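Chain letters run A, B, ... following the sequence lines, proteins first and then strands; every chain starts at 1. Since the model is a prediction, treat every value here as computed from it, not as a measurement.
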Protein chains: 2
Amino acid sequence: MPAALMDRQTVLDKIFAAFRTYGYEGTTLARLSEATGLGRASLYHHFPGGKEQMVREVLQLAQAALQRDVVGPLEGTGTPHARVRRMIENLKTLYANGEASCVINLMGVGEAGETFRGELSATTEVWLQGLERTLKAAGIRAAAARKLAIDTVVRIEGSLVVSRAIGDPSVFIRALGESERELEQALGAG
Amino acid sequence: MPAALMDRQTVLDKIFAAFRTYGYEGTTLARLSEATGLGRASLYHHFPGGKEQMVREVLQLAQAALQRDVVGPLEGTGTPHARVRRMIENLKTLYANGEASCVINLMGVGEAGETFRGELSATTEVWLQGLERTLKAAGIRAAAARKLAIDTVVRIEGSLVVSRAIGDPSVFIRALGESERELEQALGAG
DNA sequence: GTCTATAAGCAGATAGAC
DNA sequence: GTCTATCTGCTTATAGAC
């Protein structure tokens, strides 16, 4: 039953890509229409709340992806080496080897940042607290776990910004390598 | 001679603040007019190239500020402790204790990022190579100096993103503390 | 050097046909 | 569920008076 030419999830993925490439103000309905292949009016049929609703759903998607693809592998089974490895590989994919930006960064800019304050904070905390939880479960003390979680996210966000600024995604790749070593060691020693 | 109600430098400072708060697309001429107190037409008198010219001048300003307030203190006289201390204090001021964003991050978003690719890369390299130069002058090997320079900028950019995302500027302040220790130790041992 | 007025186009959003 | 057509307001940018 090809009732819908495109699954809602597929449409939302394309919308996600647009917002994290062009930012909130830079993502016009014309661009969203081109990206999804849907007319502007059709977009309003699926998202009556317009861009604002789209971003809220995008941030929900980001939250789910962080839990599933980043925190999940770390909480899974296997040696610390294998679990950290899976997380790092998924981060590489999520951020297109350092060529993509993070929606947490882009949606935090300007008035959008105020509009989506709660969602942005919640999405980031899923990531931070997910890392923190796993580290504590491995025997690391609370303060050290929170610090390592923040350091990890800070390094990823920062390396994406610097990669983009100097046009060199290897900054992101190297940063992932450092977080990999750091987390593996922490989990191994925990 | 109060020929100009406001010095060009003062006007540009307010334009700078607007762009790094709202991003390129979010900074409308209406906002720039409000921020500077100049009518839209007056802005075009001073910047015939419009927003694009303004951003180019803003990035020049950022480049000068990074050299003067960040790299400069490190290259100055005094103990490693004192020089690093001055740099860190200036970074705190430049980023309003973690409440402000970095223009290198915001101007890299979307189409603006392509328009200003060269200027963004040049501005970031002033920072990176300035740190690198000082570290090498202190006896640190080239590869380690470049790595530490990148780590420093990555940590600052990342901590600003995370601070904004969770609404907690202390992430930025703590990150500065870590860079302070790291750089002081590197310069002391160099 | 600043202003008012205005142009031309694009933004987000809606109505209603099919 | 998608479309065409349309509306209103805001966008960048310019012309020309003072």
Side-chain angles (χ1 to χ4, degrees), chain A residues 1-59 103 106-107 109-116 119, chain B residues 1-59 106-107 109-116:
Chain A
M1 60 334 180
L5 289 173
M6 222 181 273
D7 184 307
R8 183 185 178 90
Q9 196 59 41
T10 309
V11 170
L12 207 54
D13 280 347
K14 291 175 190 294
I15 290 173
F16 193 143
F19 277 111
R20 84 153 160 189
T21 303
Y22 298 107
Y24 186 75
E25 308 286 347
T27 302
T28 63
L29 282 161
R31 236 195 270 271
L32 288 163
S33 174
E34 197 194 19
T36 59
L38 268 54
R40 271 178 297 220
S42 295
L43 284 169
Y44 277 98
H45 173 75
H46 294 286
F47 306 94
K51 280 170 72 175
E52 202 172 309
Q53 182 184 350
M54 293 184 211
V55 169
R56 283 186 217 280
E57 296 200 22
V58 159
L59 288 173
V103 78
L106 267 65
M107 293 305 107
V109 171
E111 286 188 339
E114 285 159 44
T115 305
F116 305 117
E119 289 85 347
Chain B
M1 62 328 182
L5 289 173
M6 221 182 273
D7 180 307
R8 185 186 178 88
Q9 196 58 43
T10 310
V11 170
L12 208 52
D13 280 346
K14 292 176 189 293
I15 291 174
F16 194 143
F19 277 110
R20 83 153 164 189
T21 303
Y22 298 107
Y24 187 76
E25 309 286 347
T27 303
T28 63
L29 282 161
R31 238 196 269 270
L32 288 163
S33 173
E34 196 193 20
T36 58
L38 268 51
R40 274 180 297 234
S42 295
L43 285 169
Y44 278 99
H45 173 77
H46 293 287
F47 305 94
K51 280 170 69 173
E52 204 172 308
Q53 182 185 350
M54 293 183 211
V55 169
R56 283 185 218 281
E57 296 199 23
V58 159
L59 288 174
L106 267 64
M107 293 304 109
V109 171
E111 286 188 339
E114 286 160 42
T115 305
F116 305 116

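Here the closest non-hydrogen pair linking Gly39(A) and Ser33(A) is CA-OG, 3.8 Å.
Atom CZ of Phe47(A) sits about 4.0 Å away from atom CZ of Arg8(A), to the nearest 0.5 Å. To the nearest 0.5 angstrom, Met107(A) atom CE is 12.0 Å from Glu119(A) atom CD. The distance from the CD atom of Glu25(B) to the OG1 atom of Thr28(A) is 9.0 Å, given to the nearest 0.5 Å.
To the nearest angstrom, P of dG12(C) lies 15 Å from CZ of Phe47(A). Taking atom NZ of Lys51(A) as the reference point, atom P of dT14(C) lies 14 Å away to the nearest angstrom. The CD-P distance, from Gln53(B) to dT14(D), rounds to 12 Å in whole Å.
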- request: Run the numbers on Met54(B) and Leu29(B) for side chain to side chain contact (heavy atoms under 4.5 Å, CB included), then give the verdict.
  value: CA-CA 11 Å; Met54(B) 293 183 211; Leu29(B) 282 161; 4.0 Å; yes

message: Pair Leu32(A), Phe19(A) - check side chain to side chain contact (heavy atoms under 4.5 Å, CB included), show working.
response: CA-CA 9 Å; Leu32(A) 288 163; Phe19(A) 277 111; 4.1 Å; yes

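Within residues 14-34 of chain A, the residues having any heavy atom closer than 4.0 Å to DNA chain C are, in order of number, Thr27(A), Thr28(A), Leu29(A). Contacts of residues 36-46 of chain A with DNA chain C (heavy atom under 4.0 Å): Ala41(A), Tyr44(A).
Using cut-offs of 30° and 60° for the angle between ring planes, the Phe116(B) and Tyr24(B) rings count as perpendicular.
Screening Thr10(B), Val11(B), Leu12(B) for a side chain to side chain contact (heavy atoms under 4.5 Å, CB included) involving Thr36(B) leaves a single residue, Val11(B).
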